[in-house]
Structures are given as structure tokens and as C-alpha cells.
Amino acid sequence: MARNAAAMAFAAVVCAAAMAAVSSAEEVYEFGSGASFIFGDSLVDAGNNNYIPSLSKANMTPNGIDFAASGGMPTGRFTNGRTIADIIGEMLGQTDYSPPFLAPNTTGGALLNGVNYASGGAGILNGTGRIFVNRIGMDLQVDYFNITRKQLDDLLGKAKAKEFLKKKAIFSITVGSNDFLNNYLMPVLSAGTRVAESPDGFINDLIIHLREQLTRLYTLDARKFVVANVGPLGCIPYQKTINRVGENECVKLPNQLASQYNGRLRELLIELNGELPGARFCLANVYDLVMDVITNYESYGFETASMACCGNGGTYDGMVPCGPASSMCGDRKSHVFWDPYHPSEAANIVMAKFIVDGDSKYISPMNLRKLLSL
């Protein structure tokens with residue numbers, strides 16, 4: 001009898017363990033190991049602009065030449081391989097890249113990897129990037145997430161959808177560069193704006209709009225945020241080329257504006273961390289990170305931080321965007337910049353490591369691995 005009782009007890013334990021394993025497996029199946037909901041501009045666009053009539057497109061060779069998932073074919077990413085958002089998702093255990101919202105197959109279970117809403121030419125302000133005719137600005141990107149939010153309710157049920165977003169999802173926002181490059185600093189488009197509005201006033205408008213956009217995401221159950229500040233715009237090949245500065249110089253005004261905006265952004269995220277219960281806003285200090293890579297490029301394994309690998313025109317090949325007729329460097333891993341505006345995959349890899357596992361110098365108040373574990 002004792003032996004039978006022991007056997008029955010053992011069987012019960014095994015059965016309970018099996019049921020727990022099934023439950024755990026179901027949760028992993030439903031929720032995955034991590035999801036990235038990505039908002040922003042061409043630095044993180046995964047192909048949304050392929051689906052709209054826009055002058056800001058990267059769906060032509062040699063863009064994507066090193067993107068293994070497409071066999072080296074262009075996908076709409078504005079770099080030679082993976083964006084920084086792609087790499088961060090991989091590092092955090094995503095099973096696949098977050099698909100573009102406008103792609104026809106971004107439905108059902110694909111949503112559980114997250115979704116990419118980013119658009120080349122997009123800005124915080126709706127008027128930003130109108131030189132490209134069409135782009136998906138941040139307000140519309142948040143509207144699109146609202147559609148995904150309802151789809152998640154249908155897919156998982158309301159309770160589990162909310163749990164999924166709060167526990168497994170990181171919301172990354174990489175935006176602001178175009179508000180300067182293709183708005184305030186664009187001579188043809190911004191003459192009236194710059195006369196009517198001081199840098200302080202323009203940056204105040206950006207912060208007010210971004211606060212509204214981040215708060216809207218919070219009301220839709222986003223809780224874990226990483227917001228990138230604006231990089232050193234005066235150091236990109238395009239700005240260096242049109243302003244004819246030396247190889248080790250950057251253009252002062254764009255960097256001053258970026259630094260001024262970044263100070264206000266830091267204050268905004270501190271305020272939101274205090275105002276929105278349960279939310280965690282992390283600041284990715286892209287400005288200082290990119291500046292360090294540019295200043296000390298050789299120590300990171302690069303041969304140049306001035307020349308675009310793919311582009312044409314001027315001292316730094318910084319005038320004409322990358323396309324089939326562009327010249328291309330022989331060693332793409334040797335360049336910090338892929339084209340006149342965007343980092344190479346090699347530079348994205350360097351930066352992603354600091355944001356996922358780095359210290360408070362470049363990501364605060366915690367890195368993304370810790371944020372996801374909360």
C-alpha cells in the first residue's frame with residue numbers, strides 16, 4: 001500500500017510539473033520572450049515607406065546588402081544591414097524582427113514580436129518632412145498603434161493583452177532629427193518658421209507634442225519606454241559636406257540645437273517617470289554615444305567617421321543618398337556612416353550593446369535588459 005501511495009504521489013508530482021510546463025510553454029507561445037514596438041524615423045524604419053508614395057525610400061540596392069534575412073536584398077531599411085532597433089530586439093531575445101505596420105502580413109501572431117511604425121522623414125511635428133511629400137509622423141504612428149492595440153485584444157483577450165504589453169513589450173522612440181534637419185534647418189522650408197520662432201520656442205513645441213504622444217501610448221497600456229535623444233547632427237556626412245568643414249570638425253549650429261533639445265528631453269522623461277504610475281522611461285543618450293564613436297572611431301575598429309560608405313558628392317560623399325548609381329566603399333565594416341545620414345550596421349552593433357547592457361553614461365536610469373526583466 002505504501003509503495004502504491006508513493007507511486008501515486010510521484011505520478012501526481014510529475015503530472016503537476018507537466019501541466020506547469022505546458023502552461024509555461026503556452027505563455028511563451030502567446031507572449032514570446034520579448035516584443036519591440038518601434039516608433040520614429042529612418043534610423044529605425046523597417047520598410048513602412050515602401051507602402052506609401054514618398055520620396056524618402058530605401059527599397060533600392062545597395063541598401064540592405066548585408067541584411068542576412070533578405071539575402072542581401074533591400075527591405076526599406078536605410079542602412080546596409082540591420083537597424084539599431086533590429087539588433088536590440090535580437091539581443092533581448094525576440095524571435096523575429098518587428099514587422100512594418102503597413103506590411104500586409106503584419107497580423108495575428110506576428111504582432112507578438114512587436115510592430116514597427118517608423119517612417120523615413122518622420123518627425124515629432126506633423127509638418128516635418130513635407131519635402132518628402134509623404135511620411136508617417138509620430139501622431140499617425142500612435143494612431144496606428146491604437147489599431148494594433150485593438151488587434152491584440154482580439155488575439156489574446158483584453159486581460160492577457162494588457163499583461164503582454166506591460167510585461168513583455170518595450171516601446172522605443174527614435175525621433176527628432178528630422179524636426180531639425182528637414183524642418184527648422186531646411187532653408188527653403190523653414191525661413192518663415194525660423195523668423196517667427198526662436199530655437200527655444202521651436203524646441204518647446206517639440207517637447208509639448210512629444211509629451212502628448214508618449215502620454216497617449218501610456219493610456220494604451222505602454223509601460224516600458226526607451227526614448228533616444230537626437231544625435232550630433234552636425235557630424236553626419238551630409239552636414240559636413242554642405243558646410244565644408246574639416247575631417248575632424250562638426251557643424252556647430254545643428255549640434256547646439258540637438259544639445260538644447262536633449263536637455264529638455266531629459267527633463268521631460270524625469271517628469272513622466274514621476275507623473276505616470278507604473279511607467280518606466282529610459283533615456284538613450286545617443287548624442288554622447290555617437291560622439292564618442294566618431295571621436296574615437298579607430299578604437300572601435302573603424303577607418304573613417306567622416307566619409308559615407310554609399311553616396312556621392314562633395315568631400316565626404318554626403319550630397320546624394322545611397323542608390324544604384326552611388327559609389328560604395330570596399331569594406332562596409334570600416335565606416336561609421338553607411339550613407340550621408342545613417343549609421344552602418346557595424347556602428348549600429350556598437351551602439352546597441354551600450355543601450356542593452358551599458359551603464360548610466362549612455363542609458364539611464366537602467367539599461368534595456370534590466371527594463372525588460374521588470
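Since the structure is predicted, the reported quantities are computational estimates derived from the model, not experimental observations.
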Distance in Å, Arg216 CZ paired with Phe145 CZ, rounded so as to fall on 0.5 Å steps:
10.5 Å
Distance (rounded to the nearest 0.5 Å) between His342 NE2 and Ile84 CD1:
13.0 Å
Taking [X] for its side chain and [Y] for its backbone only, find out whether a donor-acceptor pair lies under 3.5 Å.
X      : Y      : value
Asn255 : Gly234 : yes
Thr128 : Ala122 : no
Asn63  : Phe78  : no

Residue among Asp317, Thr315, Thr241 satisfying side chain to side chain contact (heavy atoms under 4.5 Å, CB included) with Met307
Asp317
With a 3.5 Å cut-off and no angle check, do the side chains of [X] and [Y] form a donor-acceptor pair?
X      : Y      : result
Glu303 : Tyr297 : no
Asp45  : Ser119 : no
Asp179 : Asn183 : no
Thr83  : Asn348 : no

Determine, stepwise, if the pair Tyr144 / Val115 fulfils side-chain contact (heavy atoms from CB on, under 4.5 Å).
CA-CA 10 Å; Tyr144 283 166; Val115 177; over 6 Å; no
If you draw the axis of the six-membered ring of Phe225, does the NZ or CZ of Arg280 fall within 45° of it and under 6.0 Å from the ring centre?
no
Could you check whether the SG atoms of Cys329 and Cys310 sit less than 2.5 Å apart, since that is the cutoff I want to apply?
no
